[in-house]
Each structure stands twice: as structure tokens, then as C-alpha cells.
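To start, the structure under review is shown below, and the notes come after it.
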Amino acid sequence: MLHAHARAPVDVLLLSGGQLALVATGGAWQAPHAVPVHYGIVGRVLATGRTVSIGDASIEYSGLHQRRPVGSVVCAPITCPSRATIGVLNVEFDRLVPGLGEWCARLTDIGLCLGARITELGGPPAESLAERLLRDTLGFAATGDRRELGNLACRAAVETAGLSSAALLVRRAADTSMWRVPDLAMGMSYTVPGTASLPEQLARLDRRNLSDMIDAVCRHGSSQTQGDPDLLDARGFEPLLEAGVRTLIAVPVRGTDGSIPLADAAMLVMDQLAVRVDPAVLSVLELLMANAAMCYERLYRLARLKDKAESDPLTGLPHLGPFTERLASASAGHTALLVMDVDNFKKVNDTLGHAAGDQLLIRLAEGLREALRAGDEVFRVGGDEFVAVLEVPDETEAVRIARRLTAAARQVGHGISVGVAMRRPGEPAEATLRRADEAMYLAKQDEQVEVRLAS
């Protein structure tokens with residue numbers, strides 16, 4: 001009817017999945033299925049909640065529609081009774097229309113009426129399960145942070161299952177004890193605002209209960225409840241019932257090869273109400289968690305490659321690249337540089353061989369790392385040369401730590417010479433490093449001196 005009156009294409013677009021989706025149109029043979037929420041005139045209407053008109057849109061809309069001229073445009077918000085804008089009503093005339101004020105008033109009223117009626121009918125259409133699944137998988141692939149990936153996975157699990165909470169349980173796998181994965185932890189979680197936080201209750205359970213749940217999920221695969229636990233056999237799940245869980249879906253988080261590096265992981269999707277979930281949802285959750293696991297594996301491999309690129313392959317210590325970045329952040333009066341050189345290292349290589357020299361460097365690097373305080377850093381910057389960067393209150397503390405490092409080296413079975421320099425106000429960090437290096441060479445020339453403070 002509006003199209004017939006305006007003799008112009010009319011579109012109704014509603015917010016859906018972070019975009020404006022076309023739900024009705026008249027007068028155009030081909031209309032855009034979706035429009036970005038920040039696009040053109042519709043973006044201005046959504047941002048302000050007010051009707052916007054353009055008297056001559058021929059330049060702004062140039063090339064937008066193939067062989068269809070655009071003259072004047074009026075776009076009004078579709079507003080629900082709570083005054084929230086849920087979409088737009090857009091009219092594009094193929095001619096210049098004088099007196100757009102009357103059209104603005106009419107479309108504003110129609111937008112209010114449409115919003116009220118749409119609200120009565122349940123609001124804008126929700127995303128389909130397929131649309132939501134694709135949006136979530138795109139989100140997994142886009143993130144570059146493993147913690148954010150865990151948060152996205154929990155939220156996606158809740159939205160897919162239609163339950164109130166999700167929690168990711170993580171336990172270090174038996175054959176990966178060398179990696180930095182918690183023995184057992186409740187990792188990320190998500191709870192729909194306004195509902196009971198079941199993950200908080202879950203976190204209070206005995207660690208053995210949590211470990212048993214990980215075992216059950218990772219060994220036997222996905223599972224779901226079948227109704228009210230007060231009426232059905234819920235033996236073995238008593239700790240969950242005590243925590244307030246009445247509906248549970250449990251899905252292993254593992255890639256297509258059947259495992260995820262570093263850890264056993266299980267996603268628990270829960271609700272405090274006893275509801276029965278469509279069995280198809282379980283299959284969707286399995287696919288979603290497999291996708292999350294593969295994205296995690298990709299991020300893990302990238303992190304490992306980055307570590308290798310920034311670390312010395314022999315000792316595992318960071319090398320010149322990270323050291324240069326750390327040196328740039330050295331602060332005057334607080335940062336001390338300790339340049340260390342292995343005594344008579346060439347003799348070790350010449351008499352015992354390079355393999356023995358490598359083993360000495362490995363043991364020495366570990367000894368220096370263990371002797372430093374939390375927050376101190378040590379770098380391998382040359383063949384047998386190391387630099388420690390410390391934040392200390394004064395030179396006395398820097399020298400004390402330097403002596404602790406020489407003691408650690410003696411325990412490894414070899415001596416080191418150390419030059420110490422505090423960065424001075426107005427002094428370039430490279431100059432501080434040069435003074436520490438010169439002090440180290442002076443210490444090497446005196447067999448009675450292990451540590452020398454730069455002048």
C-alpha cells in the first residue's frame with residue numbers, strides 16, 4: 001500500500017545478528033538481503049532514532065542500484081513501545097520530491113505502528129540455528145586470543161542450547177605435563193544475565209568430582225539429560241544436583257583428530273530448570289566445540305612458532321629481538337643491566353668439544369633463570385654472553401643479585417664475570433648497556449673479581 005501511494009520502492013529492515021535484515025519490500029525486483037548497521041542513511045537513523053531525509057541523493061547513492069535512478073530518500077526508525085529502535089522503514093524515490101517534511105511525519109508514524117505490532121508478534125525474527133552456528137564459527141576463527149576463544153565458546157554453547165550457563169573444564173593431559181596447563185581448572189564460563197550463576201556453584205565442587213566429569217565426557221563422548229532428575233535416575237550426578245543443576249549437556253572439546261593438545265577439556269552447558277533439549281542441538285554443539293578446538297590448536301601452534309622465533313633454540317632464553325624491546329623500556333634510576341660472560345668458554349669448546357660447551361650453556365641458562373627474582377629477565381645475546389634486566393631500587397641491590405648469579409654459575413660448575421650498570425637520567429639505554437659491557441670486560445681481566453660495578 002505504501003509503495004502504491006509513494007510510487008517508489010519501500011523496504012522494511014529489522015535488526016538481526018548484528019545487521020539489518022530485509023523482511024519486506026515493495027516496488028523493487030531485486031533488493032539487498034541485508035545492510036550493515038552503520039551504512040549510509042540507515043546508519044544515521046539507527047544511531048539517532050530519528051527520521052532522516054535526503055532531498056537529492058543522486059550523488060550519495062550513485063551506482064548503488066543498477067540502471068535505477070535515485071532522487072529523494074526518506075528513512076524512518078521502526079520503534080518498539082520501549083522506544084528502542086529495532087529497524088528502519090526506507091523509501092527511495094526515483095525523482096526529486098519537494099516538501100519531504102510531510103513524508104517524514106507519515107513514515108515516523110508508520111514506524112511507530114510497525115514497531116508496536118512487531119513487538120506484539122514477538123519482536124524481530126531471531127537468528128536461525130544455522131545462522132548462529134556460522135556466526136559463532138566466524139568469531140572463533142577471527143579471535144587471536146585463547147582466553148577470548150574460550151569465552152566465545154561458552155557463550156556460543158549457551159545460545160545454541162538455549163540454556164542459562166556454560167563452563168569449560170580443563171585438565172592437563174597425562175602425557176603433556178611439561179606444558180603450562182593447569183592440573184585441573186574451571187576455565188572460561190558464561191551465564192545469561194539475570195539467571196543463577198551455575199559455574200560459580202560448580203567451581204566450589206571437590207576437584208575429584210570435576211576430574212570425574214572430565215573423564216566421563218572425554219572417554220565416553222557427549223551426553224544429555226532426559227528430564228527432571230527428581231523423577232529419573234540421576235545417580236553419579238549428585239554433586240551437580242547439589243550445585244543447582246537440573247539440565248546438563250556435556251560435550252568433549254577436541255579436534256577432528258580426537259584430541260586437543262595440552263589438555264583434556266569438556267564443555268558443560270547447564271540450567272537450573274529441568275528442560276528437555278532437542279537432540280539435534282547436541283550434534284550442533286559437537287560440531288561447534290570441534291571447531292573451537294581446531295581454532296585453539298591453530299592459536300597454540302602460532303604461539304609456539306612465535307616463541308621459537310623469539311627464543312634461543314639451545315637454551316630457551318629470549319634472544320636479541322625481545323632484549324632490544326626490553327632495553328627500550330629501561331627506566332632511569334630503576335633499571336639495572338647485568339652483562340654476563342662465561343669464563344674460559346673457548347677452552348671448554350677446544351678441549352671437551354662443542355657438545356660439552358652446549359650442555360654447559362644449557363645448564364648455566366637454567367641456573368641463572370632460577371636465581372633471578374620473579375619479574376627479572378635474562379636473555380642470551382651472544383655465544384656465551386647473557387644479559388639480565390632487573391628493576392631495583394639502587395646499585396647495591398643490583399650488585400647483590402649479580403653475586404647471586406655468580407654463585408648459581410659456580411653451582412653449575414663454571415664461573416662467570418658480570419658487569420653491572422644502572423641507567424642514569426638522560427642516558428640512552430644503549431649507553432647503559434655499553435657501560436655494563438665495559439665493566440664485564442674489566443672483571444674478566446681480574447681473576448679475583450667476579451662482579452664489577454660500572455663507573
Side-chain angles (χ1 to χ4, degrees), residues 1-139 142:
M1 184 174 66
L2 185 57
H3 160 61
H5 183 68
R7 291 183 292 115
V10 179
D11 298 327
V12 176
L13 302 103
L14 298 179
L15 287 168
S16 176
Q19 63 183 3
L20 280 167
L22 184 73
V23 296
T25 187
W29 179 75
Q30 186 175 21
H33 171 69
V35 175
V37 294
H38 53 76
Y39 172 75
I41 191 172
V42 299
R44 281 179 269 167
V45 171
L46 288 174
T48 63
R50 294 192 297 269
T51 299
V52 175
S53 64
I54 304 177
D56 183 356
S58 58
I59 296 177
E60 184 174 342
Y61 278 57
S62 176
L64 181 64
H65 301 301
Q66 188 176 14
R67 297 180 181 177
R68 194 181 99 196
V70 177
S72 300
V73 176
V74 182
C75 185
I78 298 175
T79 309
C80 63
S82 66
R83 309 306 297 175
T85 302
I86 60 174
V88 297
L89 174 63
N90 193 53
V91 180
E92 297 179 359
F93 298 92
D94 61 1
R95 61 196 185 280
L96 298 181
V97 177
L100 288 177
E102 183 179 351
W103 275 105
C104 289
R106 289 182 181 180
L107 291 186
T108 301
D109 291 340
I110 294 173
L112 289 170
C113 294
L114 274 176
R117 182 57 178 149
I118 290 170
T119 302
E120 288 178 6
L121 295 173
E127 285 183 291
S128 69
L129 192 58
E131 290 172 330
R132 188 181 303 129
L133 178 62
L134 288 172
R135 175 169 57 81
D136 290 332
T137 54
L138 287 173

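Owing to the predicted nature of the structure, the values given are computational and were not obtained by experimental measurement.
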* Are any of the side-chain heavy atoms of L2 and L107 separated by less than 4.5 Å? -> yes
* To do: Taking all heavy atoms of A8 and all of V91, pick out the closest pair and write down the distance.
  => CB-CG1, 4.0 Å
* Are the side chains of L46 and L15 in touch, meaning some heavy atoms are under 4.5 Å apart? -> yes
* Structure fact -> In short, L89 meets G111 closest at the heavy-atom pair CD2-N, 4.5 Å
* **R83 CZ: over 12 foreign heavy atoms closer than 6.0 Å** => no
* **Any side-chain heavy-atom pair of V42 and C75 under 4.5 Å** => yes
* Test applied, side-chain contact (heavy atoms from CB on, under 4.5 Å); reference residue, V12; option that passes from V88, V23, I110 -> V23
* **Nearest-0.5 Å distance that lies between atom CG in L114 and atom SG in C80** => 12.5 Å
* Can you tell me how far the OG atom of S72 sits from the CG atom of D56, to the nearest 0.5 Å? -> 7.0 Å
* **ring pair (Phe, Tyr, Trp, His ring centres under 6.0 Å) partners of residues 109-132, not counting sequence neighbours, each pair once** => none
* Under a 4.5 Å cut-off applied to non-hydrogen side-chain atoms, are V74 and V97 in contact? -> no
* Identify the heavy atoms of V73 and N90 that sit nearest to each other, and give their distance. => CG1-OD1, 3.8 Å
* **Heavy-atom pair of closest approach, residues G115 and P81** => O-CD, 4.2 Å
* To do: Enumerate the residue pairs fulfilling side-chain hydrogen bond (donor to acceptor under 3.5 Å, both in side chains) with a member in residues 101-125, sequence neighbours excluded, ordered by first and then second residue.
  => H5-R106, T51-T108, E102-R106, R117-E120
* When rounded to the nearest 0.5 angstrom, what distance separates CG in L133 from CG in L138? -> 9.5 Å
* Mind checking the CZ-CG spacing from R132 to L134? Nearest 0.5 Å is all I need. => 11.5 Å
* Expected output: side-chain T25 to main-chain V10 donor-acceptor under 3.5 Å -> yes
* **Of all pairs that satisfy salt bridge (charged side-chain N to carboxylate O under 4.0 Å, His left out), the ones with a partner from residues 28-53, not counting sequence neighbours** => R44-E60
* Structure fact -> Between P77 and T85 the two heavy atoms that sit nearest each other are CB-CG2, 3.9 Å
